[in-house]
Amino acid sequence: MNMNRSKIKILVAKPGLDGHDRGARVLCRFFRDSGYEVIYTGLHKTAEEVANAALQEDVDVLGMSFLSGAHESYVPKILNLLKNNGVDLNEIVILVGGTIPEEHFKRLIDLGVDGVFIPGVPLNEISDFIDLKIKEKRDKSEAQHYFVGTKLIQKNPV
Amino acid sequence: MIRTEKNIMNKKDWEEEYVKYKERKDHFKTLSGINVDRLYTPEDITDVDYNEDIGYPGVYPFTRGPYPTMYRGRIWTYRMFSGFGLAEDTNKRWHMLLKNGETGLSTAFDFPTLMGRDSDDPLAIGEVGKCGVAIDTFEDFKRLFEGIRTDEVSSSFTINPPAAIIYGMYNALADVQGVDRKILRGTIQNDMLKEFHAQNTLVLPPRPSLKIIGDIFEFGVDVNPKFNLISISGYHIREAGSTAVQELAFTLADGMAYVVLAKERGIDLNKLGPQLSFFFNSHNDFFEEVAKFRAARRIWARFMREEMGTTNPEAWKLKFHTQTAGCSLTAQQPLNNIVRTTLQAFAAVLGGTQSLHTNSFDEAWALPSDEAARVALRTQQIIAYESNVANTIDPLAGSYFVENLTRRIEEKALEYIDYIKEMGDGNILEGEFIGIDQEYFIKEIGDSAYKDQRNVEKRERIVVGVNEFVLEDEKLTVPLLQINEEELRDIQVKRIEQIKERRDTKEVESSLEEIQAAADEDKNIMPPIIRAIKALATEGEIMGVLKNVYGIWSKPTLL
Amino acid sequence: MMVEEIIDGIKNKDIRSLARAISWIEKEKDEGIELIKNLHHYQKENTHIIGITGFTGVGKSTLLSRIIERYRSMGKTVGVIAIDPSSPFTGGALLGDRLRLSMWTDPGVFYRSVSNRGRMGGLSRMIGDIITTMSVFGFDKIIIETVGAGQSEVDVIKIVDTSVVVLMPGMGDRVQFAKAGILEIADIFVVNKSDLVGADRVRQFLEEMLNFKTSEKRDSMQEEWKIPIIMTIGESNNLKGIDELVEKIDEHFDYLIRIGRLKEIRKRRAKNEIEMLASDIMLRICKNHSSDLDEYASKVANKEIDHYTAAKKIVEKIMMENAISNTSRYT
């Protein structure tokens, strides 16, 4: 890995009332041990709070964890707030993880999410994907990669 | 009889003779990391005395079970945790489950209810009725029990910071139905310590949270003598990533802390003891789980009798509910989850559980569909009626391996318990407070979770369908229960509005003031809470009073 | 985004622009230098820079939230820079125990976490640049939160106007604090969690230390700042000492202005920065003379010449060549 991960800032967020933070915590620790800068929002955050943290910290990656199904309400809301505050969503890598039904994958990607991860995806695949997307966004490269469920897919722009 | 050249007289002889055979791995370990030998013999249980340590079902120290007949007398309770949508949706599912042979109700509340917030709270967005049923006022609660008599079923409520409110609602419901509060049966989870350690349903700071639990104990031993006033839970500790040993140790330590709390409040432990219940996880490592359940009963009995000096044998018995491990379910090849759940349920039954929830195979994806919930219930019925394992009591007793493992787990759990006690200078309740303040529990559990995740990635722990035996191009589709959250929220918000218009505002305000006064003056908050419930104060309003008095608590985010 | 755009944004209080500007500084991008060059003269005159230092566990985040709450109730805006340690092994860092809920969406509060990673002498310079940027944005108070571990963080505390050091009972960290030199640079001491056993012992220890210090420099003519020790509790149901603390912090600032010390402090900060940048430039130029460097290195290795003389000769040579222009991106 040639990328200097220490210059990549990741916000791991737990929006909503769901208190299951095992995954989020394991992930934060893994990110730190892999050399990234990580900020964890802690539990029970509103959409406004998450968006504000991402905005003020000017993060490179925004990862959101949901185990209660609340992603349907929170993801569009948070992404809209970011946009309204002048954040170019193409500049940040947006990830969603947790118990996300497959029927929702496409909807999330259409909203501007880059990767949807379900339980069981090895952590290394998540960090590899982050590095790939950071490079892709920085180079503004043509090929677009997405992560859906357990798989990396490539999509050329239409 | 086959004879080897050497006369094998003990385990050492045998190992010396046969150790040359190559094995699959260098070390075999339980899921908790306890070493497992290739063979167990009578030599491995010399530190176990049959009468003293194992004994008989229904006889101290109850290693073989709390009751003399166990499942020969009555099959365990099928207690399927369920709840979603509005009160009337859950009520419908309950009637379906009861018709299908379920024997006890168990309520899943949605996140706003669990956190003591109303459906019109800004943080409730996206969550109303989603992971459980939405309850804002006593009106919702009555709808939940439409057509169900509180003197006929036993009802369990998974609720913690607002436990006093929901518990109060059940008592209020009994009053409305004309049922004597003294005969109410059921369980209120009411276990805040594990929330601080693992489950994170956090509202009030630790000491006030425990004060309220003390109030519930004090109220319940007199008013509802047949009701379990707490469900001391290891389930969530395990789900947060602990090992089996940590689950057992922290759960029992929590239980001991509650007993010390009750003692300090002057509550009669002989009366309270039988009203304490436990709730464990059943994970994949079959024998380790069975050993864990057996060790739990032994440690608890000795604590209650020898350390706390109770004289009522009913107070010595550890009785527990089990749920199969949600964290073991995989999103990949979801039907495999039926097999996992079966094995876990089987361990719980051989461990002597009093009631059981079996997970549905689709739960790694979403809330269970009707079909998945039914298969889960049928799993229990097949174990109960087709496998014949319920025909004799504690059939694994006497297994050299299981008795040895029970002992090892007991030892390791006691080490943790002693450490927690030491943190509090000999007082385990203070040890819990200090451990929470220093994030001891969070760190211990977090370390285990991280280690386990790394083990899965290094394929030191095999998860079928995830890191081995993976299906290429698997189509991940399961039928899902669809919930239209926005619609539910609208309905609930309107209901709150209407209730606030028509209720007696003066009575609401005066009852809320009474709660505040009771909290300020360190009096029992249960009676004024029941008054406020009947006056149709919302859950959020009552919780708001408590937050004002006691302040709020949030979990530290540094890991 | 272009530098001019960002500068305009900052002047117009656009959060997104401020956040991006800080990233440039943090990531040591050329845009960051460009930014400071074009921005520094817009700095507000009376921005109060406050340092809050204390080890993990003393309840710093909670206390910080309380202080901000107090300032907000007084109508002041607050910018926070929270410095967190990075792992010496992986370089990774876990940042920020971010503030209490209510502040996350308060437009009068800006919170930014920064890692102290691998920036030996450079951390204080980087923080200095961030302070400059935040000052232009217009915060009344800029608070730097740090655990004060290691020299680089102590250097950061040295650039603030008012330094608050937070301790708590039972930490047993006397020695560590003394070693890190933090006790020396406190303008205000706080004993937090003062309801715990041993709080009085900590206060006593501090009083003794302060008595010793004042007796050392009694002859000074200038008006003396009497370092206060404030006992606090940050937990919401049991608040104590917060108003007093905030009063003292502001009193200290008034004192600095009254005796003309604020200008001195700003000058000292600038001097520090110039020194560091200058030595950076020299180092770069020196490294650009790799053939000379090689030559002298061989001579030192062969015992023909000592390294003191060698260094002096190289510098003399560089100065003779007058090579300072066009060699560094800092010029």
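Chain letters run A, B, ... following the sequence lines, proteins first and then strands; every chain starts at 1.
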Do B:C327 and A:R22 have side chains that get closer than 4.5 Å, going by heavy atoms?
yes

Starting at [atom1] of [X], measure out to [atom2] of [Y] and round the result to the nearest 0.5 Å.
X	Y	atom1	atom2	result
B:D110	A:D18	CG	CG	12.0 Å
B:I552	A:H44	CD1	NE2	11.5 Å
A:N124	B:K458	CG	NZ	11.0 Å
B:E127	A:L17	CD	CG	5.0 Å

Contact class of A:L27 relative to chain B, heavy atoms under 4.5 angstrom
neither

With only heavy atoms counted, which part of A:K77 is less than 4.5 Å from chain B, the side chain, the backbone, both or neither?
side chain

Among A:H71, A:E48, A:H20, which residue has the highest count of heavy-atom pairs closer than 4.5 Å to chain B?
A:H20

Just give me the residue among A:A47, A:G98, A:G19 that pairs up with chain B most often, heavy atom to heavy atom, under 4.5 Å.
A:G19

Could you tell me which non-hydrogen atom of [X] sits nearest to which non-hydrogen atom of [Y], and how far apart they are?
X	Y	value
B:Y450	A:F30	OH-CA, 3.3 Å
A:P119	B:Q332	O-NE2, 3.4 Å
A:S68	B:C131	O-SG, 3.2 Å
B:A198	A:D21	O-OD1, 4.4 Å
B:G126	A:S73	CA-OG, 3.0 Å

Take atom CD of B:E460 as the centre, draw a 6.0 Å sphere, and report whether it contains more than 12 heavy atoms from other residues, nucleotides or ligands.
yes

Does A:K137 have more than 12 heavy atoms from other residues, nucleotides or ligands lying within 6.0 Å of its NZ?
yes

Could you check which of B:T330, B:I445, B:I125 has the highest count of heavy-atom pairs closer than 4.5 Å to chain A?
B:I125

Looking at B:R454, B:H236, B:E486, B:E485, which one has more heavy-atom pairs under 4.5 Å with chain A than the rest?
B:R454

Under 3.5 Å, is there a donor-acceptor pair between the side chain of B:E457 and the main chain of A:L123?
yes

Where on B:D447 is there a heavy atom nearer than 4.5 Å to chain A: the side chain, the backbone, both, or neither?
both

Sort B:D452 into side chain, backbone, both or neither according to what part of it lies under 4.5 angstrom from a heavy atom of chain A.
side chain

Quick one, A:E72 with B:K130, criterion side chain to side chain contact (heavy atoms under 4.5 Å, CB included). Give me CA distance, side-chain angles, the key distance, then yes/no.
CA-CA 11 Å; A:E72 286 181 275; B:K130 204 136 191 187; 3.0 Å; yes

